[in-house]
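Accompanying notes for the structure given below.
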Amino acid sequence: MTARSTRHRLLATGAVLAAGTLALTACGSQGGTKATTTQPSAAASKAPLFDKLPAAVQKAGVVKVGSEVAYAPVEFMQSGKPVGIDPDLAEALGKQLGVTFQIQNTGFDTLITGLDSKRFDLAMSAITDNKERQGKGVDFVDYFSAGTSILVKKGNPEKIQTLDDLCGKTVALQKATTNEDIAKEQAKKCDADGKGKLTIQAYAHDGEALLKIKGGGAVADLNDFPVAAYNAQTSGGGNDFEVVGDQIQAGLYGIAVSKENTQLRDAVKAALDALIANGEYAKILDKWQVKQGAVSSAQVNGGS
């Protein structure tokens, strides 16, 4: 896909680096910190789409959602609870379906395996829907569009604007993400063009990558645009980082569901379509000032 122009947003104040440190502490345990993000209705069976759920989920009254809650503004910890785009959408989906969406905080690279082992019913964590992940036994209900952005130190001392400008330098980023895949492809290009080795430092959490850039150990982070823009506008009061260049390979975020659980997948799709139709979806994106990433309808496996 071609790169798209950077979307500028005004975001809530607060230093994301400090918030990220708290979030890293919160999700350090792989045991799965639980936080309830929705309340079931008094009469769950009267919720608009309750009947679409599998019988086991109706009986349990809970949908377990795997998420790494350390990726503001998509999901992050605030006052001991998950907040952000995904938690707000989870709450709204829960109201449509008449069940509690319960977020379990875990590492990003364990989300797909968590679905396979039935530790989670869904995974919702700014996961890019692509064919490779679809081939690992999951389907995606797509709910947001975002590309990769380059985040650098404020003032852009290395004068970076494109991926080619990273040749001969070091980047820090979160492992097991589409952004790491983009960096690896660029590293091959740098080698082929003889422009110098691109060194990739991949970390379990994006907050670690930000600290590396702030300390001068790397020149840039590759990150999803909403997250990169949030970091630029909040960390250090907006004085730590900035986003440069255009978005790269815009794609779709999807809610991941096991291919064995098609009834739950279809129920989530119906609930998302209902939120788009009644305006609640738009309200959530407006709240986090990311309406540029809105989709017009829910798709299943729309990623390429």
Side-chain angles (χ1 to χ4, degrees), residues 35-67 69 71 73-75 81-104 111 115 120-129 133-134 138-146 226 250-303:
T36 298
T37 60
T38 66
Q39 295 296 324
S41 63
S45 61
K46 294 183 180 179
L49 298 174
F50 181 80
D51 289 343
K52 288 187 173 293
L53 288 168
V57 176
Q58 292 180 8
K59 183 177 180 179
V62 171
V63 172
K64 295 175 289 185
V65 182
S67 181
V69 190
Y71 214 54
V74 186
E75 56 263 313
K81 63 179 290 187
V83 298
I85 300 164
D86 282 356
D88 282 356
L89 281 173
E91 180 176 1
L93 291 169
K95 289 178 179 177
Q96 286 291 318
L97 295 167
V99 292
T100 298
F101 272 53
Q102 187 181 76
I103 291 179
Q104 300 187 10
L111 294 175
L115 290 172
F120 315 125
D121 302 308
L122 307 173
M124 194 171 183
S125 193
I127 307 171
T128 300
D129 172 10
R133 286 173 173 156
Q134 292 170 22
V138 297
D139 287 331
F140 289 92
V141 179
D142 300 323
Y143 66 98
F144 191 77
S145 177
L252 293 167
Y253 286 173
I255 301 169
V257 192
S258 169
K259 287 186 182 295
E260 298 177 357
N261 206 346
T262 56
Q263 188 175 355
L264 178 60
R265 178 201 67 195
D266 293 345
V268 170
K269 180 185 182 300
L272 180 57
D273 275 329
L275 295 177
I276 292 171
N278 69 18
E280 286 300 311
Y281 172 78
K283 288 179 182 178
I284 291 169
L285 299 194
D286 281 344
K287 172 183 174 180
W288 295 102
Q289 302 188 42
V290 292
K291 63 183 180 181
Q292 300 94 330
V295 296
S296 59
S297 65
Q299 297 184 70
V300 172
N301 297 334

*Can you check whether Gln102's main-chain N or O pairs, donor with acceptor, with Thr100's side chain at less than 3.5 Å?*
no

* To do: For Leu285 and Ile85, run side-chain contact (heavy atoms from CB on, under 4.5 Å): C-alpha distance rounded to whole Å, both residues' side-chain angles, the deciding distance at 0.1 Å, then the answer.
  => CA-CA 7 Å; Leu285 299 194; Ile85 300 164; 4.1 Å; yes

Here the pair of heavy atoms bringing Val141 nearest to Ala298 is CG1-CB, 4.3 Å

CD (Gln96) and CG (Asp273) are apart, to the nearest 0.5 Å, by 10.5 Å

Exercise. Using modelled atom types only, decide if a donor and an acceptor are shared between the side chain of Asp139 and the backbone of Lys259 within a distance under 3.5 Å.
Key: no

On a heavy-atom basis, the closest approach of Pro54 and Asn261 is CG-OD1, 3.9 Å

Between the CE atom in Met124 and the CG atom in Asp86, the distance rounded to the nearest 0.5 Å is 4.5 Å

Nearest heavy-atom contact between Trp288 and Pro73 is CE3-CB, 4.1 Å

CD1 (Ile255) and CG (Leu122) are apart, to the nearest 0.5 Å, by 7.0 Å

All heavy atoms of Phe50 vs all of Val99, minimum pair found to be CE1-CG1, 4.3 Å

In short, Arg133 meets Thr128 closest at the heavy-atom pair NH1-O, 2.9 Å

Next on the checklist: What I'd like to find out is whether the side chain of Lys269 reaches to under 4.5 Å of the side chain of Val257, using heavy atoms alone.
Outcome noted: no

Any donor-acceptor pair under 3.5 Å from Tyr143 side chain to Tyr281 backbone = no

To the nearest 0.5 Å, atom CG of Leu49 lies from atom CG of Leu272 at 11.0 Å

Smallest heavy-atom separation, Leu111 atom then Ser67 atom, equals CD2-N, 3.6 Å

d(Asp129 CG, Leu252 CG) to nearest 0.5 Å is 6.5 Å

Is there a side-chain contact (heavy atoms from CB on, under 4.5 Å) between Leu53 and Leu264? Walk through the geometry before answering. CA-CA 6 Å; Leu53 288 168; Leu264 178 60; 3.8 Å; yes

When Lys95, Lys283, Lys81, Lys287 are each screened for salt bridge (charged side-chain N to carboxylate O under 4.0 Å, His left out) with Asp88, the one that passes is Lys287

Rounded to the nearest 0.5 Å, the CD1 atom of Ile127 sits from the CG atom of Asp142 at a distance of 11.0 Å

Item to check | Pair Val290-Val74, side-chain contact (heavy atoms from CB on, under 4.5 Å): steps then yes or no | outcome: CA-CA 10 Å; Val290 292; Val74 186; over 6 Å; no

